[in-house]
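Down below is the structure, laid out as structure tokens.
All values below were derived from every heavy atom in this structure, side-chain atoms included, with hydrogens, water molecules and symmetry-related copies excluded.
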Amino acid sequence: MLSRSAPSVRSRNFYSLFRSACLQQIRLHSQSTATPRIFPPTIKELAAAPLPEDEVTVTGWVRTVRKLKNVAFASVNDGSSGANMQVVLKHDQLEGLTTGTSVQITGRYEQSTKGKGQQDRELKATNVQVLGASDGETYPMQKKYHGAEHLRQNAHLRPRTSSTSALLRLRSKTMSALNNFFDTQSFTQTHPPILTSSDCEGAGEVFSIATPTPTSSSKDARDKGGFFGTPTYLTVSTQLHLEALAHGLGRVWCLCPAFRAETSLTNRHLAEFWMLEAEVAFVREQGELMTLTEEMIRHVAKGLLETPTAAAELAPYTSTDEKEDEKIDLSSRWRGLARDKWERMSYTTAISHLQHAVSTNLTSFKFPPVWGHALQSEHEKWLAGEFVKGPVFVHDYPASLKPFYMLPSLPSERVSEGATVACFDLLVPEMGELVGGSLRQHDAAALRSQIEKAGMKAEEMAWYVELRKWGSVPHGGFGMGFDRFLAYLGGVENLREVVAFPRWAKHCKF
């Protein structure tokens, strides 16, 4: 993930698409709300609107300054889009203007008379006010190439770069689209707790909450179980609490932070990440959950495809694992997610396809595909990218590979050796697993048996079992790593680039 201060997307064609997209958004906004304008128009809004008759005032940060013989130019960005506003200046207006300076500029916003490749609108400044000076010699975000590690070490400043700001706007747009989708499906957005007394998946990779007190009563506090009186953790998943909420609200979802205390330093792992999770009461078939997942992602992808500048703004910063300079065709990727029909196959069928590919020399894998073993990333990428060439649901995994709360695939089946559970993973090309979901065990006796078999403490899960005691219903849900989803949509390989302040093992600098 690299920062480039002046990507090639700034062409007349880009700005034409940009204005068209802005006009559409402003028109939709004006139709949906009567809220009066609170702040002056942004650079994005000015670029979309008809040229104003009066002077306008813009605020933002200087990206670049160019001084010619008789005139000077400054590129100013306010964060509302990837497009900078070109400001025409007199030499005596340049005082204090360097890269990173925050400014307020008033002037005439007019049609540009410049040549091909330049913006077709510009602001001719009549008044320039420096709001915050920037030392051009020491400012870490100079107009030059910056590697990903430099940007991470300056995470407090990287939102000012074109690359990070584009990804943060993608994050906002995606959240808005998800809110809209769940509203149309009559879901209630909820806020489950971040602090929890249970490890949802039983994996043990949880952060424990400790409250050291340098007083004489600290021993008493420890004896009583600390601040809360019982062992307490940062949540790995809100699923268990969502199930309780679904038993009163029917259909619920959340987008919340989650935490996992694993020391892996791969580009797919963060200690703090965001999870989108949904639970549905009265659902009996996992196919219904797959359809919900499919429609949710399709809704987001279609929204991006309908935004003319979305791909153009992100395209300069995409890269692949294998070739950093090889750019990803984001529009093609989004069309793959928006396709009408996604494939579905059982875990057993998937293993059969993988084994056949190996036996016929179509491909080879580091880890041999064996029934009863977890699908590795290489298997998932091959199934979605090479075999299906699109999104694919793999369902009904062996019970031994999945958490305790899942419902057996067959109604009469118990979770035992060789049994499968009614669950699914969504695999997408080039990434592998993106979503995981299942039907939940809704029989109290069977759930207690599965908790015992998983080696978990029954007393800690008593409240969860009690959901099955009074008015239990068939139900199920899914979870999607939101940061992984954004990385896939934005063509970014490392999750640390789609989070404003990423946290991973041995790193919590800010």
Problem set entry | Residues which pass side-chain contact (heavy atoms from CB on, under 4.5 Å) with Pro41, listed by chain and number, not counting sequence neighbours | Arg37, Glu45, Leu46

Exercise. What's the shortest heavy-atom distance between Ala278 and Leu242, and which atoms?
Worked result: N-CD1, 4.1 Å

For this session: Tell me, yes or no, whether the heavy-atom count around Met431 atom CE, taken from other residues, nucleotides or ligands under 6.0 Å, exceeds 12.
Result: yes

For this session: Identify whether the distance between the nearest side-chain nitrogen and carboxylate oxygen of Glu497 and Arg152 falls below 4.0 Å.
Result: yes

Exercise. Hey, do the aromatic rings of Phe181 and His299 have their centres closer than 6.0 Å?
Worked result: yes

For this session: Drop me the distance from Cys423's SG to Gln286's CD, to the nearest 0.5 angstrom.
Result: 6.5 Å

For this session: Step by step, work out the side-chain contact (heavy atoms from CB on, under 4.5 Å) result for Val236 and Glu205.
Result: CA-CA 8 Å; Val236 174; Glu205 298 172 335; 5.9 Å; no

Exercise. Counting only N and O atoms by type, is there a donor-acceptor contact under 3.5 Å from the side chain of Thr164 to the main-chain atoms of Thr161?
Worked result: no

Exercise. Yes or no on side-chain contact (heavy atoms from CB on, under 4.5 Å) for Ile297 and Leu434, after CA distance, side-chain angles and deciding distance?
Worked result: CA-CA 11 Å; Ile297 293 176; Leu434 179 60; 4.1 Å; yes

For this session: Please list, chain by chain and in numerical order, all residues satisfying salt bridge (charged side-chain N to carboxylate O under 4.0 Å, His left out) with Asp483, sequence neighbours excluded.
Result: Arg171

Exercise. Hey, are Arg344 and Glu294 close enough for a salt bridge, meaning a charged N less than 4.0 Å from a carboxylate O?
Worked result: yes

For this session: Assess Arg260 against Phe273: is NZ or CZ under 6.0 Å from the centre of the six-membered ring, and within 45 degrees of the ring's axis?
Result: no

Problem set entry | Backbone of Ala384 reached by a side-chain donor or acceptor of Lys389 within 3.5 Å | no

Seminar exercise, completed: Residue pairs meeting ring-ring contact (aromatic ring centres under 6.0 Å, His included), one or both in residues 429-456, sequence neighbours left out, come to none

Problem set entry | Six-ring centre of Trp342, Arg298 cation under 6.0 angstrom, axis tolerance 45° | yes

For this session: Give a yes or no answer on whether the side chain of Thr307 reaches the backbone of Thr309 with a donor-acceptor pair at less than 3.5 Å.
Result: no

For this session: Indicate the ring-plane relationship of His241 and Trp463, choosing parallel, tilted or perpendicular according to the 30° and 60° boundaries.
Result: parallel

For this session: Output yes when a side-chain donor or acceptor of Ser176 lies under 3.5 Å from a complementary backbone atom of Ser172, and no otherwise.
Result: no

Problem set entry | Pairwise side-chain hydrogen bond (donor to acceptor under 3.5 Å, both in side chains) hits with a residue in residues 247-256, at least two apart | none

Problem set entry | Where Lys44 and Ser80 come nearest, the two heavy atoms and their spacing | N-OG, 3.2 Å

For this session: Keeping the roles fixed (side chain from Glu343, backbone from Val392), state whether a donor-acceptor pair exists under 3.5 Å.
Result: no

For this session: May I ask you to decide if Leu447's main-chain N or O and Asp443's side chain share a donor-acceptor pair within less than 3.5 Å?
Result: no

Problem set entry | Residues, nucleotides or ligands: over 12 heavy atoms within 6.0 Å of Glu285 CD | no

For this session: Measure from the side-chain N and O atoms of Thr235 to the backbone N and O of Ile194, and report whether any donor-acceptor pair falls under 3.5 Å.
Result: no

Exercise. At their closest point, which heavy atom of Ala350 faces which heavy atom of Val394, and how far apart are they?
Worked result: CB-CG1, 4.2 Å

Exercise. Are Lys457 and Glu452 within salt-bridge range, i.e. N to O under 4.0 Å?
Worked result: no

For this session: Begin from the C-alpha positions of Trp274 and Leu486 and carry the test side-chain contact (heavy atoms from CB on, under 4.5 Å) through to its verdict.
Result: CA-CA 11 Å; Trp274 285 73; Leu486 291 173; over 6 Å; no

For this session: Return the set of residues passing salt bridge (charged side-chain N to carboxylate O under 4.0 Å, His left out) with Glu378 (not counting sequence neighbours), or none when no residue passes.
Result: none

Problem set entry | Side-chain (Glu386) to main-chain (Leu383) donor-acceptor, under 3.5 angstrom | no

Exercise. Any idea which heavy atoms bring Thr420 and Ser409 closest together, and the distance?
Worked result: OG1-OG, 2.8 Å

For this session: Work out which heavy atom in Arg63 is nearest to a heavy atom in Ser165; give both atom names and the distance.
Result: NH2-OG, 4.3 Å

Problem set entry | Nearest-0.5 Å distance, CD of residue Gln185 to CG of residue Leu292 | 6.5 Å

Seminar exercise, completed: Sorted by chain and residue number, the salt bridge (charged side-chain N to carboxylate O under 4.0 Å, His left out) partners of Arg496 (sequence neighbours excluded) come out as none

Exercise. Should the ring pair His150 and His146 be called parallel, tilted or perpendicular, given that the plane angle runs from 0 to 90° and is split at 30 and 60?
Worked result: parallel

Exercise. Any donor-acceptor pair under 3.5 Å linking the side chain of Arg160 with the backbone of His156?
Worked result: no

Exercise. For the atom pair NZ (Lys366) and CD (Gln376), what is the distance rounded to the nearest 0.5 Å?
Worked result: 9.0 Å

For this session: Examine distances only and state if a side-chain atom of Glu277 and a backbone atom of Gly479 form a donor-acceptor pair shorter than 3.5 Å.
Result: no

For this session: Could you tell me the separation between the CH2 atom of Trp334 and the CG atom of Leu489, rounded to the nearest 0.5 Å?
Result: 7.5 Å

Problem set entry | Centroid-centroid distance, His379 to Trp382, less than 6.0 Å | no

Problem set entry | Minimum heavy-atom distance Val499-Pro502, with the two atoms named | O-CD, 3.5 Å

Exercise. Distance from Glu272 atom CD to Phe501 atom CZ, nearest 0.5 Å?
Worked result: 11.0 Å

